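Worksheet for the structure shown next.
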Amino acid sequence: MLNVYATDWCPHCKAAIAFLKKHEIPFQVIDMDSADPETIECVVKVNGGDDWVVPTLEYNGKWRPGEIFNEVKFADDLRKLGIELKC
């Protein structure tokens with residue numbers, strides 16, 4: 001299952017989630033505003049150690065740090081994680 005570390009106030013998270021829904025990719029959202037300290041620490045580490053950045057993705061132990069949503073790059077990053085796009 002694809003884990004999407006996100007917030008409900010982040011426009012890049014909203015765009016990423018809309019993309020995943022459009023392409024029928026199953027995922028679960030982990031809300032960083034209410035995440036436990038261990039999750040926050042992990043996401044901070046994945047994003048360079050200074051702060052957490054969303055949307056951060058994790059799939060089968062592979063991570064994609066958070067960044068500004070760009071549809072083409074996002075699709076490419078999903079493929080690199082091993083996720084096949086359906087349409």
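If you're wondering where the values come from, they're calculated on a predicted model, not measured in any experiment. Throughout, numbering of the chain's residues begins at 1 and tracks the sequence.
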Identify each donor-acceptor pair in which a side-chain atom of residues 42-52 lies under 3.5 Å from a protein atom, sequence neighbours left out, and give them as a table.
unit_1 : atom_1 : unit_2 : atom_2 : d
N47    : OD1    : G66    : N      : 2.8
N47    : ND2    : V43    : O      : 2.8
N47    : ND2    : T56    : OG1    : 2.9

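- Under a cut-off of 6.0 angstrom, the local environment of CD1 in I40 is crowded, with over 12 non-hydrogen atoms contributed by other residues, nucleotides or ligands.
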Which donor-acceptor pairs under 3.5 Å do the side chains of residues 75-82 make with protein atoms, sequence neighbours left out?
unit_1 : atom_1 : unit_2 : atom_2 : d
D76    : OD2    : K80    : NZ     : 3.3
D77    : OD1    : K73    : NZ     : 3.3
D77    : OD2    : R64    : NE     : 2.8
D77    : OD2    : K73    : NZ     : 2.9

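- For the side-chain hydrogen bond (donor to acceptor under 3.5 Å, both in side chains) test, no residue two or more places apart in sequence or in another chain qualifies with E38.
- Under a hydrophobic-cluster definition in which Ile, Leu, Val, Met, Phe, Trp and Tyr are linked whenever side-chain heavy atoms come within less than 4.5 Å, directly or via other members, Y5 and W9 are assigned to the same cluster.
- With rounding to the nearest 0.5 Å, the separation of NZ in K14 from OG1 in T7 is 8.5 Å.
- Listed by chain and residue number, F19, F69 satisfy the ring pair (Phe, Tyr, Trp, His ring centres under 6.0 Å) test with F74 (two or more places apart in sequence, or in another chain).
- Listed by chain and number, the residues in a side chain to side chain contact (heavy atoms under 4.5 Å, CB included) with E84 amount to none (sequence neighbours excluded).
- Residue V53 shares its hydrophobic cluster (ILVMFWY side chains chained together at separations under 4.5 Å) with no other residue.
- The two residues I25 and F27 come nearest to each other via the heavy atoms O-CD2, 3.1 Å.
- Closest non-hydrogen pair, H12 versus E67, comes out as CB-O, 4.2 Å.
- Considering only heavy atoms from C-beta on, N3 stays 4.5 Å or farther from Y59 through its side chain.
- Taking every heavy atom of both residues into account, C13 and P55 meet most closely at SG-N, 3.8 Å.
- Contact annotation: the side chain of W63 never approaches that of L57 to less than 4.5 Å [non-hydrogen atoms, C-beta and beyond].
- Contact check for L2 versus I83: side-chain heavy atoms found under the 4.5 Å cut-off.
- V4 and I68 sit in two unconnected hydrophobic clusters of ILVMFWY residues. Membership requires side-chain heavy atoms under 4.5 Å apart, directly or through other members.
- The two atoms that bring V54 and C10 nearest to each other are CG2-SG, 3.9 Å, heavy atoms only.
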